[in-house]
There are 2 protein chains.
Amino acid sequence: MSLPHAILTALLEKPSSGLELTRRFDKSIGYFWSATHQQIYRELGRLEEAGAIRALPRPDQPTRGQKKEYEVLPAGRDELAAWVGRIEDPKPIRDALLLRLRAAGVVGTQGLEAEVRRHLELHRAQLAEYRAIEERDFGDGRGSEGDRLRHLVLRAGIDLENFWLGWLEAARAELADMGTGAGMAADVRTGPEPAP
Amino acid sequence: MSLPHAILTALLEKPSSGLELTRRFDKSIGYFWSATHQQIYRELGRLEEAGAIRALPRPDQPTRGQKKEYEVLPAGRDELAAWVGRIEDPKPIRDALLLRLRAAGVVGTQGLEAEVRRHLELHRAQLAEYRAIEERDFGDGRGSEGDRLRHLVLRAGIDLENFWLGWLEAARAELADMGTGAGMAADVRTGPEPAP
DNA sequence: GTCGTCATGTAAGTGGTTACATGATTGC
DNA sequence: GCAATCATGTAACCACTTACATGACGAC
């Protein structure tokens with residue numbers, strides 16, 4: 001139940017049309033809550049239905065192909081403010097790469113080291129992107145309260161990428177060590193054991 | 001498309017029935033890929049259909065209420081081994097708490113500090129649980145290749161919890177600072193600005 | 001016999017993803 | 001005119017969640 005709140009936040013920061021929202025979700029907010037334009041249009045419809053937002057009045061009547069700007073109504077702002085302090089447990093981790101490491105413990109590490117190296121590169125790039133944003137938007141001293149909170153969120157992204165870089169590097173080293181070491185063959189067989 | 005692979009991994013580690021799998025998913029594998037029993041039964045059906053696993057033959061015919069053990073077939077093992085090295089990009093972060101921080105930058109931080117403290121406690125507890133498992137399962141020197149990989153995965157869990165503890169502590173401090181400082185009221189209004 | 005527990009399953013709803021459809025506007 | 005682009009939308013599908021149904025079995 002977070003997408004509507006993400007949209008409300010984005011619309012409060014700046015009233016926008018669906019496509020503009022989609023583009024803004026490709027950066028900033030989308031870095032930690034991504035959404036496609038289909039999701040966004042669907043959700044905009046629901047929010048309007050619920051009276052949380054409204055389309056800015058426009059002289060023309062056709063709907064398709066015509067730009068439609070939305071703004072947040074008081075009810076939407078209240079709902080968002082209430083959500084900020086609501087009790088909601090963190091979701092457990094859900095990461096396919098960790099699962100693959102675990103699977104590799106049973107069926108062998110074939111191809112995993114290359115994939116780990118690839119992820120290392122991707123995370124390095126993401127970290128660089130975050131750092132560039134930090135430089136650009138928060139380079140000088142602290143700004144408004146909103147700025148400080150947004151910076152805090154960006155720091156989470158940066159720290160997370162740093163965590164991944166550290167861990168992936170350790171994983172890479174361990175996999176490399178296994179590749180050259182002994183005792184691997186026993187884990188890599190794919191069929192039933194042949195008679196000795 | 002990771003749940004079937006999680007199940008294959010679990011079944012290779014030890015052939016089990018649906019409920020046993022569900023219980024095992026509440027620990028170990030479930031720590032980074034959780035699943036309910038409904039998901040697991042459905043997926044077991046699909047995997048059997050696809051010829052990746054089979055139910056161990058049993059003398060009786062009724063299906064409902066009767067325990068049914070599954071084991072992995074060569075096709076399933078091959079698929080899992082191929083998946084381990086497959087190219088698959090990491091999913092971007094999706095975290096509601098970060099979103100709430102961002103929203104707080106627009107509608108005010110009411111109730112957020114308490115929620116951050118609550119999350120701190122939850123992550124502390126999770127970290128303690130991971131550390132206990134590490135002590136119990138990997139306390140002495142390195143074991144088999146599988147053990148080393150499983151330990152690596154557990155380390156990711158531990159490091160992640162440590163990241164959260166550090167970041168949440170910083171967030172808590174920042175929020176506390178805002179609560180006592182000046183310049184907050186301007187961000188907390190919920191209606192249109194009153195005339196001065 | 002019925003109550004609690006183990007065990008497997010069905011059904012409905014929600015959120016996210018992928019593919020495609022269609023209208024408006026601008027440049028040429 | 002027509003191609004490219006902007007913009008909004010529909011449809012189908014899949015994964016996950018929540019609630020409920022039902023059969024088997026042992027304790028009492």
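Note that the structure is predicted; figures quoted are calculated from it, not measured. Labels below follow one simple rule: chain letters A, B, ... track the order of the sequence lines, proteins then strands, and each chain is numbered from 1.
Dashed line: the shortest gap from a side-chain N or O of A:Arg23 to OP1 or OP2 of D:dC6 is not under 4.0 Å. For the pair A:Tyr41 and D:dT8, the criterion of a side-chain N or O lying under 4.0 Å from OP1 or OP2 is met. Contact annotation: A:Lys68 reaches the phosphate of D:dG9 (side-chain N/O to OP1 or OP2, under 4.0 Å).
One atom, CZ of B:Phe25, and another, C1' of D:dT17, lie 16 Å apart when rounded to the nearest Å. Straight-line distance from the CG atom of B:Leu56 to the P atom of C:dT8: 12 Å, rounded to whole Å. For the pair B:Leu47 CG and D:dA15 P, the computed distance is 11 Å after rounding to whole Å. Look at CD1 on A:Ile40: it is 14 Å from C1' on D:dG9, rounded to the nearest Å. Rounded to whole Å, atom P of D:dG9 lies 13 Å from atom CG of A:Leu21. Put simply, NZ on A:Lys67 is 15 Å from C1' on C:dT26, counting in whole angstrom units. The interatomic distance linking B:His37 (NE2) with D:dG23 (P) rounds to 16 Å, in whole Å.
Each of D:dC6, C:dT17, C:dG9 was ranked by its minimum atom distance to the side chain of A:Thr36; first place goes to C:dT17.
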Restricting to nitrogen or oxygen on both sides, can you table the protein-nucleotides 11-15 of chain C pairs closer than 3.5 Å?
unit_1: C:dG15; atom_1: OP2; unit_2: A:Arg46; atom_2: NH1; d: 3.1

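Taking all atoms of both residues into account, the shortest heavy-atom contact from B:Ser17 to B:Lys67 is CB-CG, 3.9 Å.
Residues forming a side chain to side chain contact (heavy atoms under 4.5 Å, CB included) with A:His119 (at least two apart in sequence, or on another chain): A:Leu97, A:Arg100, A:Glu115, A:His123, A:Leu168, B:Pro90. Partners of B:Val84 under the side chain to side chain contact (heavy atoms under 4.5 Å, CB included) rule, at least two apart in sequence or in another chain, are A:Ala103, A:Ala104, A:Val107, A:Leu112. Remark: B:Glu113 engages B:Arg117, B:Arg172, B:Leu175, B:Ala176 in a side chain to side chain contact (heavy atoms under 4.5 Å, CB included) (not counting sequence neighbours).
For residues 6-33 of chain A, the ring pair (Phe, Tyr, Trp, His ring centres under 6.0 Å) pairs, not counting sequence neighbours, are A:Tyr31-A:Tyr130.
With respect to B:Trp164, the side chain to side chain contact (heavy atoms under 4.5 Å, CB included) criterion is satisfied by exactly one of B:Asp159, B:Asp95, B:Leu127: B:Asp95.
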Identify all side-chain donor-acceptor contacts of residues 50-57 of chain B below 3.5 Å with residues at least two apart in sequence or on another chain.
unit_1: B:Arg54; atom_1: NE; unit_2: B:Glu71; atom_2: OE2; d: 2.7
unit_1: B:Arg54; atom_1: NH2; unit_2: B:Glu71; atom_2: OE2; d: 2.8

